[in-house]
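Okay, so here's the structure we're looking at.
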Amino acid sequence: MKRLLVVLLVLTLAFAVMGTPAAAQKKGEPVRIGMYLPMTGGVAAYGQMEHAGVLVANKMQPTVLGRPIELFLVDTKSDKIEAANAVDRLIKKEKVKAIIGEAISGNTLAGGPIADKSKVPMVSPTATNPLVTQNREYVFRVCFIDPFQGEMAAKYAFDVLGARKAAMMIDIGQDYCVGLGNFFAKSFIKQGGKIVAMTYCQTGDQDFTAQLSTIMAAKPDVLYLPNYYTEVALTCKQANELGLKVPVFTADGAQAPELLSIGGKDVEGVILTAHFAKEAAVTELSRQYVANYEKETGKEASGFDALGADAYFLILDAMTRAKSTDGPKVREALANTKNFNGVSGIINVGPDGNAVKSLVLLHVKDGKFQYLATVNP
Amino acid sequence: MDFSLIAQQLINAVSLGSLYGLIAIGYTMVYGILRLINFAHGDVMMMGCFFAFYGIMIFSMPWWLSFPIAIVLTAFLGILIDRGAYRPVRNAPRISALITAIGVSFFLENLGLVVFGGRPKGFPRPEIFGGIYTFGDIRFLGLSIWVPLIALVLLSGILFLVYRTRVGRAMRCISYDMETTRIMGVDVNRIIAITFAAGSAAAAAGGILWAMKYPQINPLMGIIPGLKAFVAAVLGGIGNVVGAMLGGLILGMAEILLVAIRPDLSGYRDAIAFGILILILLFRPTGLMGEKLPE
């Protein structure tokens, strides 16, 4: 078995080396853009929403530099190893000029280095962990990063909710959750608050009764859950069943319809920091996009699809400014993005390829995500 | 830790442990009779959940109709899997059957992804199971009482089937010596089909209770419960139905107590489950209630 694998690996590598002739850039030849997104698995909702967003954006603007755009999608199955393989395949086999993805930080951390090495620019719609773009020349994002999100959440919990004692449960299987949890805790303590219960879980866990019972005994004023939608929804359900009656605060990862369908009435009142809400549409592009998205899909536009569209629009904008699809030139243009009017707001690419952006506060009311406020950095 | 917190954690532990045990019963029964570790058990359980889900959501059946129908459908699925996948390798070495089981598991997971889609769905919880009971500071879901009760009923049902019926006698004969049983005029394939039907029905029942407790279903939901049930079955002595229930309870207890005593280690509860598996395999490979292996 092992020997067979080695032989296969060598053969694949050999083919990969042989199959890289410099493609002549003819006019009208399609520009290939790859997507690696979690279409199945634990965080499939993000991938499917972002994919839908990119498709709508592609309909709105199907060409760049007078050439049509060809999109390639590879499913990462919400898995780090699959994510790395997907980037490899997009670059070596599909020969894409730019890559959109991944939706979550852990998977983008796995895929980023490969794009970096091959000098193919990558724009992640929603990977918010700061490490994703650190020392990665070719990796960018169109979302804010977690130190900002965690700090704003801590301030809101302290100032507006009046919380002094916070309890937390962090998914240790995800770079995003660990990072965001730590940023929140640091800020909350700096404000003068106290973390009275720190518990952990693992992606895919379904039973949180033990953690929640421990949290209940610590009598917190707020429960902060920097986790993904399925875990947040199940946690809220079990918290209500155990009689834990404190405000639940969560983050951008919870803005998926699944939070509402799984959580039902148990997620009423949940507050979250998020990337985008259509009430906060500020640019001309966002108004056009929201109208198009709702016409195409029949669903309401929300954070993840809007950021998928932004990643697409930003890549096209950079190619137009670079007047080329050549990796290093597009990278240069991406790094120099100033006041780009995106769907989710105005995007400036700062140091480390991070977008500097505002965030929105939402809460769940009457079974829907509703807009509370916009917070500027 | 005060008394009410300890009591609450114990209730959490029994409630989780009996779910593990419930799923482990079917696992261990199939092994006890066929000496086949049915790695697709968790995925059969997943299919049962989706049958129940679609019964309620698409055909708008009430739960008391949809759940039994789902269990019967899953039993038929078990027979189908046996006919299509396991029967052709019946006389092959045991490792072939094991690999086939893994193949069936992957097949069901990916079939689920194509047919049901990869995004999780909220599972409806009927009113009767959703009630919350309070004793002082201790609270628990009505389901937490139902699960051990149903597990007990299922356990007695399987014990009755295996030890008190003609079919059960044939099953026990097959587990001793399939060839001789066949020579004695027993329709071995029919008995094995019944075994799979019963095992799959138990999986569906366990799965539906699991889905009501943790109301989220997706095509990959069977993997972790399947593995935990496997650990529970090995812990109790694989092949022993009562042992599986006991193993499930011990596993649930170990996981909850770890979180209760060391909240800072609560992310590593799966490590506890598989750590127990390794220890059992090292020091008592036949499990707590398993028979001694012949030298």
Side-chain angles (χ1 to χ4, degrees), chain A residues 38-49 75 77-78 167-174 177-178 197-218 228-231 233-234 237-238 240-244 256-264 266, chain B residues 1-2 4-9 11-13 15-16 19 109-110 112-114 117-125 130 132 134 137-144 210-211 213-221 223-225 252 255-261 263-271:
Chain A
M39 302 303 284
T40 57
V43 290
Y46 304 150
Q48 295 192 8
M49 288 190 281
D75 177 15
K77 302 178 184 163
S78 309
M168 299 173 65
M169 182 167 71
I170 298 175
D171 179 345
I172 57 160
Q174 298 294 345
C177 306
V178 174
M198 186 66 123
T199 60
Y200 304 89
C201 63
Q202 178 67 259
T203 317
D205 274 0
Q206 311 211 335
D207 186 276
F208 308 108
T209 51
Q211 288 96 324
L212 288 168
S213 298
T214 305
I215 285 171
M216 247 174 105
Y228 293 134
Y229 52 92
T230 309
E231 281 79 18
L234 289 178
K237 269 199 121 63
Q238 291 167 29
N240 267 355
E241 285 155 19
L242 288 167
L244 177 62
E258 277 78 359
L259 181 84
L260 309 171
S261 67
I262 297 170
D266 294 313
Chain B
M1 228 192 292
D2 58 353
S4 68
L5 181 60
I6 294 171
Q8 179 72 60
Q9 295 288 28
I11 287 177
N12 296 342
S15 151
L16 177 68
L19 263 179
E109 283 160 19
N110 288 291
L113 284 177
V114 173
R119 289 169 74 163
K121 296 177 170 56
F123 193 83
R125 181 193 285 160
I132 289 163
T134 322
D137 285 340
I138 305 161
R139 289 164 60 100
F140 54 91
L141 206 57
L143 207 57
S144 302
W210 183 283
K213 180 110 197 288
Y214 310 113
Q216 173 269 136
I217 58 171
N218 69 71
L220 305 182
M221 68 177 282
I223 300 176
I224 288 293
E255 285 190 10
I256 297 278
L257 287 185
L258 169 83
V259 180
I261 296 167
D264 53 325
L265 294 181
S266 42
Y268 298 100
R269 60 198 280 179
D270 287 358

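A note on names: the letters A, B, ... follow the listed sequences, proteins ahead of strands, and every chain is numbered from 1.
- Contacts between B:Ile256 and chain A at a heavy-atom distance below 4.5 Å involve backbone atoms as well as side-chain atoms.
- A donor atom on one side chain and an acceptor atom on the other are not found under 3.5 Å apart for A:Asn240 and A:Gln238.
- Contacts between A:Ile172 and chain B at a heavy-atom distance below 4.5 Å involve the side chain alone, from C-beta outward.
- In this structure, chain B has a heavy atom under 4.5 Å from the side chain of A:Asp205, while its backbone stays farther away.
- The residue among A:Met198, A:Gln48, A:Gln206, A:Gln202 with the most heavy atom pairs within less than 4.5 Å of chain B is A:Gln206.
- Inter-residue side-chain proximity for B:Arg269 and B:Val259 is flagged as met; some heavy-atom pair is nearer than 4.5 Å.
- Between B:Tyr214 and A:Asp207 the shortest side-chain heavy-atom distance falls below 4.5 Å.
- Between A:Ser213 and A:Leu242, the shortest heavy-atom contact is OG-CD1, 4.0 Å.
- Only the side chain of A:Glu258 comes within contact range of chain B, with at least one heavy atom under 4.5 Å from a heavy atom of that chain.
- No hydrogens or angles considered: a donor-acceptor pair under 3.5 Å links the side chains of B:Lys213 and B:Ser15.
- Note on A:Lys237 versus A:Glu231: no salt bridge recorded, every NZ/NE/NH1/NH2 to OD/OE distance being 4.0 Å or above.
- Across B:Asp264, B:Asp270, B:Thr134, B:Ile224, the residue that shares the most heavy-atom pairs under 4.5 angstrom with chain A is B:Asp264.
- Among the candidates B:Arg119, B:Arg139, B:Gln8, B:Met221, the residue making the largest number of heavy-atom pairs closer than 4.5 Å to chain A is B:Arg119.
- Contacts of A:Thr214 with chain B are made by both backbone and side-chain atoms, with heavy-atom separations under 4.5 Å.
- Between chain B and the options A:Ser261, A:Cys201, A:Ala45, the largest number of non-hydrogen pairs under 4.5 Å is found for A:Ala45.
- Comparing B:Gly122, B:Pro120, B:Pro219, B:Pro124 by heavy-atom pairs within less than 4.5 Å of chain A, the highest count is held by B:Pro120.
- Ring centroid separation for the pair A:Tyr46 and A:Tyr229 comes in under the 6.0 Å cut-off.
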